[in-house]
Chemist: 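My questions will all concern the structure given below.
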Amino acid sequence: MAYQTIANVRVWGQPDEGALAQARTCASHGNVVQTLLMADHHKGYSQPIGGVVAYRGQISPSGVGYDIACGNKAVRTPLMAADIKPRLAAVMDEIGARISFGIGRINAEPVDHELFDDPDWAVYRAIDRQAHDKLKTLARDQLGTVGSGNHYVDLLEEVGTGRLWVANHFGSRGFGHKTASGFINLAAGRSFLANAPGEQMDQAPVLLNLDEELGDLYYRAMKLAGRYAYAGRDEVIRQVLSILGTDADFEVHNHHNYAWKEQHDEQETVVVRKGATPSAPGQLGFIGGSMADISVIVRGRDSEENRDAYYSTVHGAGRIMSRTRAAGKMNWKTRQRLGGEITPEQMQAAVQAFGVELRGAGTDESPFVYRQLQDVLDAHAETIEVLHVLRPIGVCMAGANEYDPYKD
């Protein structure tokens with residue numbers, strides 16, 4: 001097996017001591033069946049990113065995280081990347097102009113969707129009418145916007161065929177964040193819309209029982225946020241395809257911050273994946289690298305090791321450098337940064353050398369802060385097979401000094 005077991009935690013790749021300590025904390029709280037660390041793991045809030053915790057009868061809002069249903073969508077177009085490259089700069093300019101990137105941003109033209117008639121909006125009405133109205137308005141305003149942090153829109157060239165792909169990465173935006181914080185507030189005895197006192201990186205996970213009202217309401221709200229994230233990623237892909245004047249002939253779409261009810265060892269299990277891609281046998285997934293690295297389309301293997309991984313794999317390359325270490329500490333009053341190991345010039349040189357047309361992004365998202373994707377894929381070679389290898393030619397993200405309060 002490619003993994004090792006350390007203090008009851010199954011670990012793929014080189015163990016990060018901070019993330020391993022978090023995983024051990026998760027393993028000791030609640031009705032835990034199994035705890036795992038994927039090869040791209042690093043510390044997160046309450047549960048490691050790249051971490052998987054399987055519960056019996058329980059769910060963890062802090063484990064799923066604040067960016068509920070963050071995930072990826074990738075589509076293949078009939079176009080050849082070579083045909084786009086002569087006008088790539090103009091295309092990337094239009095993507096940056098037409099699609100909204102950044103915290104708190106809304107669409108100039110709000111997107112309507114049948115999702116807003118979903119009966120699970122009643123969850124919020126049952127909790128707090130003010131919360132229902134506030135979150136539903138926010139969700140309407142932000143549907144089809146991308147956000148900041150490591151969220152992006154990519155144009156990619158398939159290695160070997162030259163076909164043009166379009167991909168994106170983001171989740172349920174402010175709606176998901178306020179849903180997560182609201183249920184964490186309720187679990188602590190505060191009101192849904194209360195200002196939470198803040199949480200510590202290494203605190204134990206918040207747990208809810210699914211056979212109790214609060215757990216059931218959270219599970220329904222999480223699934224609604226998942227449908228919202230799917231709708232948002234669909235809308236952004238639609239806009240990019242419109243800019244390109246083409247359509248898609250193949251797509252892959254998945255969450256990696258979510259909880260699923262699944263059968264493992266003939267028992268119903270709630271599998272909380274934070275920064276981990278589902279990889280059941282035959283299941284397709286899109287895994288993104290950095291802005292100067294490959295991305296891949298993968299398919300889950302029917303193997304003993306994949307079963308041991310609770311049908312989970314990596315969601316990206318995984319950070320090896322914190323945002324502050326890479327970009328320095330930001331003084332939001334003066335809008336000045338102090339320190340930082342990576343300069344904008346270094347980042348630009350790296351992406352230009354890889355042949356990428358970049359819009360936005362700060363040095364905290366530069367290639368230097370991530371592992372090489374192939375290294376983490378190699379650690380999971382017995383759980384997934386790589387079907388398509390993609391190289392980015394255009395990357396669009398939020399601006400360099402965009403405030404990002406979303407913790408995961």
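Keep in mind that what you see is a predicted model, and the values were worked out from it rather than measured. Starting from 1, each residue takes its place in the sequence as its number.
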Chemist: Side chains of His264 and Val271, heavy atoms from C-beta outward: is any pair under 4.5 Å?
Modeler: yes
Chemist: What is the distance from atom CG of Asp67 to atom NE2 of His255, rounded to the nearest 0.5 Å?
Modeler: 11.0 Å
Chemist: Can you list the steps and then say if Tyr152 with Phe101 is a ring pair (Phe, Tyr, Trp, His ring centres under 6.0 Å)?
Modeler: CA-CA 8 Å; Tyr152 59 75; Phe101 293 81; 9.7 Å; no
Chemist: Look at Asp234 together with Arg238 and state whether they make a salt bridge at an N to O cut-off of under 4.0 Å.
Modeler: no
Chemist: Kindly write out the residues that satisfy salt bridge (Lys or Arg N to Asp or Glu O under 4.0 Å) with Asp378, not counting sequence neighbours, or none if the list is empty.
Modeler: none
Chemist: Can you confirm whether more than 12 heavy atoms, excluding those of Gln263, are under 6.0 Å from its CD atom?
Modeler: yes
Chemist: Can you confirm if the NZ or CZ of Arg273 lies within 45° of the ring axis of Tyr258 and under 6.0 Å from the centre of its six-membered ring?
Modeler: no
Chemist: What I'd like to find out is whether the side chain of Thr77 reaches to under 4.5 Å of the side chain of Val166, using heavy atoms alone.
Modeler: yes
Chemist: So, does His380 use its side chain to make a donor-acceptor pair with the main chain of Leu377 at under 3.5 Å?
Modeler: no
Chemist: For His29, which residues count as a ring pair (Phe, Tyr, Trp, His ring centres under 6.0 Å) partner, sequence neighbours excluded?
Modeler: none
Chemist: Under the rule for salt bridge (Lys or Arg N to Asp or Glu O under 4.0 Å), what residues qualify as partners of Arg307, not counting sequence neighbours?
Modeler: Asp302
Chemist: Taking Asn257 for the side chain and Gly275 for the main chain, is one N or O donor matched with an acceptor at less than 3.5 Å?
Modeler: yes
Chemist: Quick one: list whatever passes ring pair (Phe, Tyr, Trp, His ring centres under 6.0 Å) with Phe170, sequence neighbours left out.
Modeler: none
Chemist: Has the side chain of Thr277 got a donor or acceptor atom that lies under 3.5 Å from a matching backbone atom of Val314?
Modeler: yes
Chemist: Pair up each side-chain donor or acceptor in residues 287-296 with any protein partner under 3.5 Å, not counting sequence neighbours, and list the distances.
Modeler:
unit_1	atom_1	unit_2	atom_2	d
Ser290	OG	Ala292	N	3.3
Asp293	OD2	Leu373	N	2.7
Ser295	OG	Gly289	N	3.2

Chemist: Of all heavy-atom pairs between Val123 and Ala221, which one has the smallest distance, and what is that distance?
Modeler: CG1-CB, 4.2 Å
Chemist: Does Asp265 CG have over 12 foreign heavy atoms under 6.0 Å away?
Modeler: no
Chemist: Please output the side-chain donor-acceptor pairs of residues 85-98 that fall under 3.5 Å, not counting sequence neighbours, one pair per line with the distance.
Modeler:
unit_1	atom_1	unit_2	atom_2	d
Lys85	NZ	Glu157	OE1	2.8
Asp93	OD1	Arg359	NE	2.7
Asp93	OD1	Arg359	NH2	3.2
Glu94	OE2	Arg98	NH1	3.2

Chemist: Report the distance from atom CZ of Arg163 to atom CG of Leu156, rounding to the nearest 0.5 Å.
Modeler: 13.5 Å
Chemist: Answer yes or no: is there a donor N or O on one side and an acceptor on the other, between the side chain of Glu158 and the main chain of Trp165, under 3.5 Å?
Modeler: no
Chemist: Given the side-chain rings of Phe175 and Trp121, with only the six-membered ring counted for Trp, is the space between their centroids under 6.0 Å?
Modeler: yes
Chemist: For residues Thr35 and Ala27, report the shortest heavy-atom separation together with the two atoms involved.
Modeler: OG1-CB, 3.4 Å
Chemist: Just by distance, do the side chain of Asp154 and the backbone of Pro392 share a donor-acceptor pair under 3.5 Å?
Modeler: no
Chemist: Taking atom CG of Asp16 and atom CG of Leu20, what is their separation to the nearest 0.5 Å?
Modeler: 8.5 Å
Chemist: Inspect the surroundings of NZ in Lys73 and state if more than 12 heavy atoms from other residues, nucleotides or ligands are less than 6.0 Å away.
Modeler: yes
Chemist: With sequence neighbours excluded, what pairs up with His42 under the side-chain hydrogen bond (donor to acceptor under 3.5 Å, both in side chains) test?
Modeler: none
Chemist: Between Asn72 and Asn168, does the side chain to side chain contact (heavy atoms under 4.5 Å, CB included) criterion hold? Intermediate values first, please.
Modeler: CA-CA 6 Å; Asn72 303 95; Asn168 60 29; 5.7 Å; no
Chemist: For a salt bridge (charged side-chain N to carboxylate O under 4.0 Å, His left out) check, start with the C-alpha distance between Arg227 and Asp118, then their side-chain angles and the critical distance, and finish with the verdict.
Modeler: CA-CA 10 Å; Arg227 294 191 290 276; Asp118 194 298; 3.0 Å; yes
Chemist: Would you name the heavy atoms of Ile103 and Ser148 that are closest together and state the gap between them?
Modeler: CG1-OG, 3.1 Å
Chemist: Tell me if a side-chain donor or acceptor on Ser303 pairs with a main-chain N or O of Asn306 at a distance below 3.5 Å.
Modeler: yes
Chemist: List for me each residue that meets side-chain hydrogen bond (donor to acceptor under 3.5 Å, both in side chains) alongside Gln4, sequence neighbours excluded, and say none if there are none.
Modeler: none
Chemist: Validate the cation-pi geometry between Arg233 and Tyr230: distance from NZ or CZ to the six-membered ring centre under 6.0 Å, angle to the ring axis within 45°.
Modeler: yes
Chemist: Consider only side-chain N and O atoms of Arg56 and Asn31, and report whether a donor and an acceptor are under 3.5 Å apart.
Modeler: no
Chemist: In plain terms, say whether Lys134 and Asp128 are close enough for a salt bridge, that is, a side-chain N and a carboxylate O under 4.0 Å apart.
Modeler: no
Chemist: For Asp202, which residues count as a salt bridge (Lys or Arg N to Asp or Glu O under 4.0 Å) partner, sequence neighbours excluded?
Modeler: Lys43
Chemist: Name every donor-acceptor pair, under 3.5 Å, that has one atom in a side chain of residues 346-353 and the other anywhere in the protein, sequence neighbours excluded.
Modeler:
unit_1	atom_1	unit_2	atom_2	d
Gln346	OE1	Thr343	N	2.8
Gln346	OE1	Thr343	OG1	3.4

Chemist: Would you call Arg323 and Glu365 a salt bridge, using N to O less than 4.0 angstrom?
Modeler: yes
Chemist: Any side-chain heavy-atom pair from Phe354 and Val395 closer than 4.5 angstrom?
Modeler: no
Chemist: Grab the two heavy atoms, one from Gly13 and one from Ala379, that are nearest each other, plus how far apart they are.
Modeler: N-CB, 4.2 Å
Chemist: Which heavy atom in Gly51 sits nearest to a heavy atom in Ala276, and how many Å separate them?
Modeler: O-CB, 4.4 Å
Chemist: Is the centre of the His169 ring less than 6.0 Å from the centre of the His256 ring?
Modeler: yes
Chemist: Just jot down the side chain to side chain contact (heavy atoms under 4.5 Å, CB included) partners of Ala2, sequence neighbours excluded, or say none.
Modeler: Trp12, Glu305
Chemist: How many angstroms lie between atom CD of Glu235 and atom CD of Gln239, to the nearest 0.5 angstrom?
Modeler: 4.5 Å
Chemist: Crowded around Asp249 CG? As in, over 12 foreign heavy atoms under 6.0 Å?
Modeler: yes
Chemist: With sequence neighbours left out, write down each residue that passes side-chain hydrogen bond (donor to acceptor under 3.5 Å, both in side chains) with Arg301, or none if nothing qualifies.
Modeler: none
Chemist: Just by distance, with hydrogens left out, do Thr145 and Ser100 show a side-chain donor and acceptor under 3.5 Å apart?
Modeler: no
Chemist: Within a strict 4.5 Å, meaning less than it, do heavy atoms of the Val11 and Tyr3 side chains meet?
Modeler: no
Chemist: Backbone N or O of Ala229 within a donor-acceptor pair of the Ser172 side chain at under 3.5 Å?
Modeler: no
Chemist: Are any non-hydrogen side-chain atoms of Tyr228 and Leu143 less than 4.5 angstrom apart?
Modeler: yes
Chemist: Cation-pi check, Arg319 to Tyr370: give yes when NZ or CZ is under 6.0 Å from the six-membered ring centre and within 45° of the ring axis, no otherwise.
Modeler: yes
Chemist: Looking only at heavy atoms, what is the nearest atom pair of Ser279 and Ser312, with distance?
Modeler: OG-N, 3.1 Å
